[in-house]
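Have a look at the structure below before the remarks.
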Amino acid sequence: MAHAIRAEVHDQKATFSQTPKGKFCKVTGQIAPAISFEVDLPMERWTQRFLLGGCGGLCGMTHVGVSNAGACSPALNGEFVMAADNMGHTGSMMGLAQGEFGKSPQQRIDFAYRANHVTTLAAKALTAAFYGQAPKYSYFVGCSDGGREALMEAQRYPEDFDGISAGAPAALFTVQNSFYHAWNVRGNQRADGTNILLQSRVGVLHDAVIRHCDTLSGVKDGLLEDPRTCHFDPAWVQCPAGQRDTLHCLTAEETQAALRLYKGATDAAGRPYIIGGPLPGSELQWALPSTARGESMSKGIAASAIAYVIPLQVDEKAADLTRFHFDDASFARMTELAPLYNAENTNLRPFHKHGGHLILWHGLADQSISPLNTIAYYQGVQQEMGAKQTDSFLKFYLLPGVGHCGNGEGFPQVDFLSPLMAWTESGIAPNAILAEKTTLGDGRPMGPPLGGHGKPPAGGQIHMASMPSQPYARPNAVAIASRPVYPYPYIAQYGGAGDVNNAENYRPVMSPVSLPMMFASHAASLIGPDNQKQYGVKGGKLVIENAQ
């Protein structure tokens with residue numbers, strides 16, 4: 001297989017680069033038809049480890065780096081062969097034009113699952129040629145679409161990696177980027193297309209949620225350890241009839257819009273199409289427009305995906321979201337390529353047999369991908385493989401107050417690579433993982449002040465800013481507080497003595513919502529064993545080659 005990949009590689013070039021972590025041999029090239037890749041091989045400090053970093057959004061760029069590894073010495077010191085690829089096309093992560101690769105059937109396949117796999121084969125072949133030996137341990141780290149890519153590797157190519165970290169995975173890709181984000185736009189609009197609930201108003205909503213819901217941690221810190229126990233009541237926020245001063249309350253119209261966003265996409269009869277909307281406590285992260293005629297990132301994501309990427313047939317007019325219908329016909333059209341794009345195969349036996357280890361994680365204040373999606377997938381793996389076997393190779397963490405791949409009011413600075421390496425290389429299964437707040441602030445995205453609340457709103461942003469492209473990790477910032485995060489379904493509770501900002505003073509307790517949840521929605525039917533297919537191109541069209 002490696003020989004076949006080498007035959008496809010072209011425009012290969014090697015250069016030497018001097019970095020603060022030593023010299024690297026940087027190899028760039030392309031794998032037909034349009035997969036650009038980069039492999040950085042340390043010339044001084046290699047410790048027989050290889051790491052591929054996942055890409056976010058719809059990708060389109062080659063960006064070497066690793067997230068959630070700021071306390072991992074080997075990653076900080078440049079001891080990994082590191083690689084990245086552009087997922088088979090070129091463009092920005094976001095924007096309508098970015099989805100135009102959907103016009104090419106082969107580029108769809110490369111984005112869905114092939115690009116990372118063939119880049120991995122090429123990187124391992126280069127490693128073996130450069131050092132005279134293959135990597136001893138191989139890792140994949142990704143978040144958002146990178147989290148989907150991480151799960152895709154475990155599901156489709158279980159022998160590629162020994163340890164995988166999958167954060168906030170967009171695993172239900174076909175539903176997530178259509179129904180979920182389109183609803184975030186349409187569910188918040190009047191008949192004339194103007195927006196109802198704006199950035200400047202989410203502070204009212206958030207304050208009410210925190211005031212009425214138990215944190216479960218034993219500390220009044222504004223963080224919900226398990227937001228599923230919080231059931232939003234419109235009476236918490238709705239202004240009394242006839243009240244003109246709405247600075248500290250929401251109008252009836254705004255309240256109903258908030259209810260729709262919490263619930264998520266439904267048909268006219270109220271039947272749900274998605275597993276869930278953003279959870280209570282996430283409000284300050286909501287990517288809402290700032291003005292009545294403004295646009296949010298949800299609109300850009302949905303328009304591009306619905307027009308070009310998700311449906312079998314490209315329909316550029318579908319970028320107009322007023323044409324999108326929340327009905328069964330749309331769901332069938334949006335999920336026709338679920339076996340191509342989605343990473344919801346719950347049969348991870350081949351990955352487990354390979355000896356692989358997987359850390360799955362999600363921020364509970366994620367506004368872009370509901371953590372309920374990841375809970376549903378985790379439960380699906382448990383149902384398919386049994387709780388005991390699942391626990392032997394997969395650990396799942398939920399981070400209170402943390403937004404999409406970071407940010408938020410919680411403790412977003414977390415090193416997942418170190419515990420993954422200890423588990424993979426030494427058999428030490430992770431338990432509590434340290435999460436921190438830093439001197440950089442509380443992690444909320446910056447923007448204009450909220451009316452009357454003095455809190456920065458979400459600013460309409462969904463994805464974290466990209467880190468510099470470099471073959472080593474960026475060190476953690478100085479921490480001002482810490483909290484442990486325990487494997488699901490345990491939550492952290494203050495022991496009653498000592499500094500509440502010190503992780504050592506917390507203990508694990510079972511979440512009140514410890515039993516498996518029932519997810520009665522159309523999307524839940526897409527989670528299950530062996531539900532992916534292998535695709536090829538014949539006559540310029542996508543064709544199914546064989547079921548996996």
* Asked: Can any side-chain N or O of Glu409 pair as donor or acceptor with the backbone N or O of Gly401 at less than 3.5 Å?
  -> no
* Structure fact -> In Phe24, Phe80, Tyr131, the residue satisfying ring pair (Phe, Tyr, Trp, His ring centres under 6.0 Å) with Trp46 is Tyr131
* To do: Kindly state whether the ring of Phe111 and the ring of Phe173 have centres lying under 6.0 angstrom apart.
  => yes
* Checking Gln285 side chain against Gln367 main chain: does a donor-acceptor pair fall under 3.5 Å? -> no
* **Donor-acceptor pair, side chain of Tyr494 and main chain of Gly498, under 3.5 angstrom** => yes
* Test item: Tyr377 and Leu151 side chains (from C-beta on) under 4.5 Å apart, heavy atoms -> yes
* Heavy atoms from other residues, nucleotides or ligands near NZ of Lys21 exceed 12 (cutoff 6.0 Å) -> yes
* Gln534 and Arg156: CA distance, side-chain angles, deciding distance, side chain to side chain contact (heavy atoms under 4.5 Å, CB included) verdict -> CA-CA 9 Å; Gln534 196 77 9; Arg156 287 184 180 268; 3.6 Å; yes
* **Set of residues satisfying salt bridge (Lys or Arg N to Asp or Glu O under 4.0 Å) with respect to Glu38, sequence neighbours excluded** => Lys26
* To do: Measure from the side-chain N and O atoms of Gln532 to the backbone N and O of Asn342, and report whether any donor-acceptor pair falls under 3.5 Å.
  => yes
* To do: Using the test salt bridge (Lys or Arg N to Asp or Glu O under 4.0 Å), find all partners of Lys103 that sit at least two apart in sequence or belong to another chain.
  => Glu316
* Structure fact -> Sequence neighbours excluded, the answer for salt bridge (Lys or Arg N to Asp or Glu O under 4.0 Å) partners of Lys124 is none
* **Residue pairs involving residues 27-36 (criterion side-chain hydrogen bond (donor to acceptor under 3.5 Å, both in side chains); sequence neighbours excluded)** => Gln30-Ser36
* When you look at CD of Glu504, are more than 12 heavy atoms from neighbouring residues, nucleotides or ligands closer to it than 6.0 Å? -> no
* Between Ser426 (side chain) and Ile428 (backbone), is there a donor-acceptor pair under 3.5 Å? -> no
* To do: For Tyr180 and Leu172, run side chain to side chain contact (heavy atoms under 4.5 Å, CB included): C-alpha distance rounded to whole Å, both residues' side-chain angles, the deciding distance at 0.1 Å, then the answer.
  => CA-CA 10 Å; Tyr180 182 92; Leu172 274 168; over 6 Å; no
Solution key, residues 477-492 side-chain donor-acceptor pairs under 3.5 Å, sequence neighbours excluded:
residue, atom, partner, partner atom, Å
Ser482, OG, Ala503, N, 2.9
Arg483, NE, Tyr506, OH, 3.3
Arg483, NH1, Asp221, OD2, 3.2
Arg483, NH1, Glu225, OE2, 3.4
Arg483, NH2, Asp221, OD2, 2.8
Arg483, NH2, Tyr506, OH, 3.2
Tyr486, OH, Tyr506, O, 3.4
Tyr488, OH, Arg228, NH1, 2.9
Tyr488, OH, Arg228, NH2, 3.4

* Asked: Can you tell me how far CG of Leu216 sits from CG of Leu223, rounded to the nearest 0.5 angstrom?
  -> 11.5 Å
* How long is the gap from CG on Asp85 to CD1 on Ile31, to the nearest 0.5 Å? -> 7.5 Å
* Got a donor-acceptor contact below 3.5 angstrom from the Tyr535 side chain to the Gln106 backbone? -> no
* With distance as the sole criterion, is a donor-acceptor pair present between the side chains of Asp160 and His117 under 3.5 Å? -> yes
* Does Glu425 have any salt bridge (Lys or Arg N to Asp or Glu O under 4.0 Å) partners at least two apart in sequence or in another chain, and if so, which? -> Arg49
* Between Gln413 and Asn476, is there a donor-acceptor pair closer than 3.5 Å when you use the side chain of the first and the backbone of the second? -> no
* Asked: Just by modelled atom types, is the Phe101 backbone N or O under 3.5 Å from a matching donor or acceptor in the Arg108 side chain?
  -> no
* Asked: Got a donor-acceptor contact below 3.5 angstrom from the Ser138 side chain to the Phe161 backbone?
  -> no
